[in-house]
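In what follows, a structure is listed as structure tokens, so that the remarks can point back to it.
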Amino acid sequence: MKPRVSTLWAVIAVAVAGLNASALAGGECCERAAKEDAWCGTCKHGFFAGVSIHNKKLHDALSGKEIDRDKLECAGCKEAVKSGGACAKCRVGVIKNRAYPLAAHAVLVGERADAEKSKCEGCRKAAKEGGWCESCAVGYVGGRSFKDRATFGRAVTSHKIITEAARTKCESCAVAMLTDGACPACDVTFRDGKAERETAPPE
Ligand SMILES: [Zn+2]
Ligand SMILES: [Zn+2]
Ligand SMILES: [Zn+2]
Ligand SMILES: [Zn+2]
């Protein structure tokens, strides 16, 4: 019995080590990219809030767009630029003059957290697993910390959408999932990360 158990543990340990290795594939260049939520041109894959992304279009969408203030016509967007908030109508959130898909914005509004160095054990655990530390009243997800429970809740939901989009095989579905858009090829529309409706197939 004993050898079987230890073999099982060995298998699990290898699987976990494999996961870690693939998350940081490519070494230093990717480690830097992971820290900056950037695309690693050398290894042709990117990172966003700890999620490994192979779809360049998805990574571009997550990275947001520079806002041209003079061309801004939507009142909600103008307000979002002023307050660093979101425009519900256009489904974008603004940080430092860049417009992001709502899901990306919800994660990016958190403060970059290096909870591994935290003195609080609850925080270290929460940061590892993406959870809430009751004693410090702070939540962690995607390498960021959140002091407000509602904001944290939105970040958790959004991080799930981003993770799912990163796993989606169809590149244009992945982007549509993030931007509340449509994928004409698959004939599907997304809202808040969920496929909302499929139009009737053409006759
Ligand atoms: Zn790399
Ligand atoms: Zn707007
Ligand atoms: Zn704590
Ligand atoms: Zn598709």
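Each ligand, and each atom within it, is numbered from 1 in the order the structure gives.
Between Asp37 and Arg112 there is a salt bridge, with a side-chain nitrogen of the basic residue lying less than 4.0 Å from a carboxylate oxygen of the acidic one. Salt bridge absent: Lys35 and Asp114 never bring a charged side-chain N and a carboxylate O closer than 4.0 Å.
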### Task
Test side-chain contact (heavy atoms from CB on, under 4.5 Å) on Val109 and Arg144 and set out the steps.
CA-CA 8 Å; Val109 291; Arg144 273 141 180 110; over 6 Å; no
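A donor-acceptor pair is defined here as one N or O able to donate and one able to accept, closer than 3.5 Å; no such pair exists between the side chain of His45 and the backbone of Cys40. No side-chain donor-acceptor contact under 3.5 Å links His105 to the backbone of Ala86. Judged by distance alone, the side chain of Arg98 and the main-chain N or O of Gly64 form a donor-acceptor pair under 3.5 Å.
Screening the protein for N, O or S atoms under 2.8 Å from the Zn ion (ligand 3) yields 4; no waters enter the count.
Under 2.8 Å from the Zn ion (ligand 4), one finds the following protein N/O/S atoms: Cys170 SG, Cys173 SG, Cys183 SG, Cys186 SG.
For the pair Phe190/Cys173, a side-chain contact is recorded, criterion being any heavy-atom separation below 4.5 Å from C-beta on.
The angle that Cys29 SG and Cys30 SG make at the Zn ion (ligand 1), rounded to 10°, works out to 130°.
Annotation: Glu129, atom CD; neighbour count of heavy atoms from other residues, nucleotides and ligands within 6.0 Å is above 12.
Connectivity analysis of hydrophobic side chains (ILVMFWY, heavy atoms under 4.5 Å, direct or indirect) links Val92 to nothing; its cluster partners are none. Ile67 belongs to a hydrophobic cluster whose other members, connected by ILVMFWY side-chain contacts under 4.5 Å either directly or through intermediates, are Leu72, Val81, Val94.
Using a cut-off of 2.8 Å, one finds that His45 contributes no N/O/S atom close to the Zn ion (ligand 1).
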